[in-house]
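I have placed the structure first, in the form of structure tokens, so that the comments after it can refer back to it.
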Protein chains: 2
Amino acid sequence: MLQELRESIKPIDESYYEKAQKRLDNLTKPPGSLGRLEEFARRLVAIYRDEMPEIPKKVVFTFAGDHGVSEEGVSAYPSEVTRQMVFNFINGGAGINVLARHAGADVVVVDIGVNFDFQDMEGLKKRKVVYGTRNMTKGPAMTVEEAKRCIEVGIELAREYAEMGYRMFATGEMGIANTTPSSAIAAVITGRDVAEVTGRGTGIGDEALQRKINAIKKAIDVNKPDPSDPIDVLAKVGGAEIGGIAGLCLGAAQLGLPVVVDGFISTAGALIAYAINPLVKDYMFSAHNSQEIGHKVMLQHMGLRPILDLDLRLGEGTGAAVAMTLLDAGLKIYREMATFDEAGVTGEKQC
Amino acid sequence: MLQELRESIKPIDESYYEKAQKRLDNLTKPPGSLGRLEEFARRLVAIYRDEMPEIPKKVVFTFAGDHGVSEEGVSAYPSEVTRQMVFNFINGGAGINVLARHAGADVVVVDIGVNFDFQDMEGLKKRKVVYGTRNMTKGPAMTVEEAKRCIEVGIELAREYAEMGYRMFATGEMGIANTTPSSAIAAVITGRDVAEVTGRGTGIGDEALQRKINAIKKAIDVNKPDPSDPIDVLAKVGGAEIGGIAGLCLGAAQLGLPVVVDGFISTAGALIAYAINPLVKDYMFSAHNSQEIGHKVMLQHMGLRPILDLDLRLGEGTGAAVAMTLLDAGLKIYREMATFDEAGVTGEKQC
């Protein structure tokens with residue numbers, strides 16, 4: 001599986017950057033004056049290998065999973081909230097529903113690891129790998145087989161939705177306590193101290209933050225995840241939804257489609273994908289700069305610059321949904337603006 | 001006129017912040033986790049004095065004017081480009097047309113100071129005050145009467161469009177050489193050195209930048225604008241479109257409507273408005289962090305934090321159009337998300 005993931009992702013064809021740049025510089029504006037909107041257009045042209053890409057059909061995957069480590073008192077909310085929020089997503093009342101509608105994107109909720117048996121529901125994909133992870137302070141959160149299966153779920157969903165005509169993916173998640181495994185992954189893969197990459201998640205107080213840091217340290221100490229083996233890291237100190245997100249990123253890159261990575265937890269998934277194959281980065285957009293302190297560390301590790309900085313820390317894919325509207329804006333500029341010739345505007349600089 | 005502008009703007013009724021906060025904290029998310037989207041909702045509730053505001057009808061005003069100082073070789077493009085771009089706006093091919101469509105906003109082009117006689121055209125408001133300003137290195141750019149008339153044009157447009165049902169305004173501009181008067185205004189009103197607030201505009205080289213700095217210093221030296229008299233500053237070293245923008249900001253505040261201020265030049269207009277009546281700030285949103293170096297200085301002076309940071313430096317209202325989509329996102333969260341009770345989600349924190 002890893003072998004295939006390392007061979008099946010093509011690097012970006014950089015000649016498309018030049019083609020896109022040529023058109024951008026011929027539009028009625030000073031060269032480069034639309035800044036990152038131009039960057040988004042260039043990157044999308046190169047990712048799609050298409051000199052005039054359509055505005056893409058979009059979908060946000062909100063992967064849901066529970067976490068055994070929640071019993072260590074690391075989250076402000078009880079585990080039951082994961083399943084309650086799944087129902088809220090299905091009923092259209094959560095933040096991600098509102099913001100995905102705003103972005104013209106569909107929402108697909110994926111039960112990849114919730115500790116609850118859902119009925120069949122419209123909008124829910126039942127791809128359960130675990131009934132919650134095991135408490136990582138006492139042993140591995142998942143087996144290696146379970147971790148691999150989570151990644152496969154993400155890859156399969158990317159393929160399934162690409163076949164349905166979706167051309168832009170976004171990652172999202174719901175899982176009480178899931179900033180804890182995300183911080184663990186960030187610490188192990190980037191080599192930073194646990195305290196440097198561990199924040200308050202949904203808003204815990206000082207005591208709970210200390211418990212959370214201690215739990216992560218203990219989990220790393222007990223399991224000794226191998227930083228050079230991303231599947232080992234995902235299995236021992238990760239989570240099911242994080243694995244699903246890693247798979248979605250890898251699947252998007254295999255298909256040559258862009259994936260918009262939401263905040264802290266999603267970026268931990270992206271980091272697992274990046275550790276498996278760094279080429280995945282060329283297909284990723286970082287949606288926003290999360291309030292969670294470990295986020296910047298992971299983005300720096302991958303060399304990604306976030307699109308938005310709105311002090312978000314909700315997850316679900318909310319930041320990714322909003323960021324997709326800016327990618328659309330970049331593509332619309334590229335597609336719809338008049339050239340100097342068309343508009344009869346003087347394009348030559350005089351000094 | 002100044003007297004009326006100083007008396008007719010009401011401070012925000014802060015009780016609306018609390019009312020909005022109460023609803024926001026009852027939505028299915030950890031308190032504050034949607035960051036600035038929540039801030040936008042709170043501010044819009046308070047500005048509209050309405051606990052459940054509708055998504056507003058939007059309009060971007062792109063004020064166009066020429067600048068006598070362009071003959072000093074301070075811009076990369078010749079003055080003719082101002083009128084050429086007006087035709088491009090009317091034909092729908094410019095950046096602002098694309099991004100306003102993206103935002104669901106209308107574009108109104110205002111000839112407030114172009115050195116050209118336009119025929120009547122759909123989408124063009126003919127409110128010419130001057131046929132371009134005079135060269136400010138040799139004397140005042142405008143008379144005090146002309147400067148006041150520019151402000152009145154902005155106020156009148158705000159009223160006219162409010163009566164037509166528009167409930168959110170954005171500022172934009174087009175005027176070859178207009179970063180030069182904008183830097184002059186920034187230097188005079190904030191007291192900074194000219195070189196600290198003067199940048200490359202549409203992309204001038206080192207020599208032209210030095211000419212631009214020298215031209216601004218000379219204009220300030222020749223005209224001696226009074227920093228405590230914003231109309232005097234606007235008349236002596238400003239521009240017609242900058243005055244129109246100042247008026248639009250003041251008019252919006254008088255009407256109790258939000259105004260989204262675009263980048264560097266628009267912020268110079270907002271700064272004139274703020275110097276006339278600081279209460280106008282409560283009704284302003286700063287759209288984005290411009291690449292132009294003097295922008296931050298003006299925002300700091302007014303205490304405004306920009307919404308976006310996309311390396312934009314085009315003007316026209318492009319950043320403001322994009323920022324309006326984020327204000328909509330904030331308002332949609334506020335209006336459409338389910339409460340904890342409605343969704344059956346546990347809202348009580350456990351630690």
Side-chain angles (χ1 to χ4, degrees), chain A residues 27-37 39 73 75-78 80-81 84-85 87-88 91-95 97-99 101-102 201-205 207-208 291 307-315 318 322 325-326 328-329 332-333 336-338 342-346 348-351, chain B residues 27-37 39 73 75-78 80-81 84-85 87-88 91-95 97-99 101-102 202-205 207-208 211 291 307-315 318 322 325-326 328-329 332-333 336-338 342-346 348-351:
Chain A
L27 301 175
T28 44
K29 57 174 182 51
S33 60
L34 280 171
R36 297 201 72 195
L37 295 181
E39 172 202 327
S75 174
Y77 295 93
E80 291 72 36
V81 170
Q84 292 168 352
M85 283 301 294
F87 288 107
N88 196 20
N91 293 328
N97 302 103
V98 176
L99 293 171
R101 283 197 296 272
H102 176 67
T202 48
I204 53 175
E207 269 184 51
Q291 284 279 74
I307 294 172
L308 292 163
D309 190 5
L310 294 172
D311 302 343
L312 306 179
R313 52 181 174 79
L314 176 57
T318 47
V322 180
T325 68
L326 296 179
D328 272 3
K332 286 177 182 174
I333 283 295
E336 298 176 23
M337 272 183 74
E342 285 164 2
V345 173
T346 308
E348 291 302 308
K349 282 194 181 184
Q350 60 185 12
C351 63
Chain B
L27 301 176
T28 45
K29 57 172 184 50
S33 61
L34 280 172
R36 297 202 72 196
L37 295 181
E39 172 202 327
S75 174
Y77 295 93
E80 291 73 38
V81 169
Q84 292 167 355
M85 284 300 295
F87 287 107
N88 196 21
N91 293 327
N97 302 104
V98 175
L99 293 171
R101 282 198 294 273
H102 176 67
T202 48
I204 52 174
E207 268 183 53
R211 276 201 301 275
Q291 284 278 77
I307 294 173
L308 292 162
D309 190 6
L310 294 172
D311 302 343
L312 306 179
R313 52 180 174 80
L314 175 57
T318 48
V322 179
T325 69
L326 297 178
D328 271 2
K332 286 177 182 174
I333 283 294
E336 300 176 22
M337 273 182 74
E342 285 164 2
V345 173
T346 308
E348 291 303 306
K349 283 193 178 183
Q350 61 184 10
C351 64

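Naming convention: chains lettered A, B, ... in sequence-line order (proteins, then strands); numbering from 1 in each chain.
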Practice prompt. Indicate yes or no for a side-chain donor-acceptor contact from A:K349 to the backbone of B:G203 under 3.5 Å, with no hydrogens or angles considered.
Written response: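 Yes, the answer is positive, given that a donor and an acceptor are paired below the 3.5 Å cut-off.
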
Euclidean distance, [Y] [atom2] relative to [X] [atom1], rounded to 0.5 Å:
{"X": "A:L99", "Y": "B:L37", "atom1": "CG", "atom2": "CG", "answer": "6.0 Å"}
{"X": "B:S33", "Y": "A:Q291", "atom1": "OG", "atom2": "CD", "answer": "10.5 Å"}
{"X": "A:D328", "Y": "B:H102", "atom1": "CG", "atom2": "NE2", "answer": "6.0 Å"}

Answer with side chain, backbone, both or neither: which region of [X] has an atom nearer than 4.5 Å to a non-hydrogen atom of chain B?
{"X": "A:E336", "value": "both"}
{"X": "A:T318", "value": "side chain"}
{"X": "A:V345", "value": "both"}
{"X": "A:Y77", "value": "both"}

If you count heavy-atom pairs under 4.5 Å with chain B, which of [options] comes out on top?
{"options": "A:L34, A:L27, A:I204, A:V81", "value": "A:L34"}
{"options": "A:L310, A:T325, A:I307", "value": "A:L310"}
{"options": "A:E39, A:R313, A:M337", "value": "A:R313"}
{"options": "A:A208, A:P30, A:G205", "value": "A:P30"}

Worksheet item: Closest heavy-atom contact between A:L312 and B:G35?
Response: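 Result for this residue pair: CD2-N, 4.3 Å.
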
Worksheet, complete the sentence: A:Q350 and B:S75 have their tightest heavy-atom pair at NE2-O, 3.3 Å

Worksheet item: Quick one: what part of B:L308 sits under 4.5 Å from any heavy atom of chain A, side chain, backbone, both or neither?
Response: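 Just the side chain, heavy atoms under 4.5 Å.
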
Practice prompt. Under 4.5 Å heavy-atom distance to chain A, tell me which part of B:E348 shows up: side chain, backbone, both or neither.
Written response: backbone

Worksheet entry | Top of B:A76, B:A343, B:G73, B:G93 for chain A proximity - count of heavy-atom pairs under 4.5 angstrom |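 Top count of heavy-atom pairs under 4.5 Å with chain A: B:A76.
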
Practice prompt. Scan side-chain atoms only and decide if A:Q84 and B:T346 contain a donor-acceptor pair under the 3.5 Å cut-off.
Written response: yes

Discussion item. Could you check whether any side-chain heavy atom of B:V322 comes within less than 4.5 Å of a side-chain heavy atom of A:L326, counting everything from C-beta outward?
Written reply: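 Sidechains of A:L326 and B:V322: in contact.
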
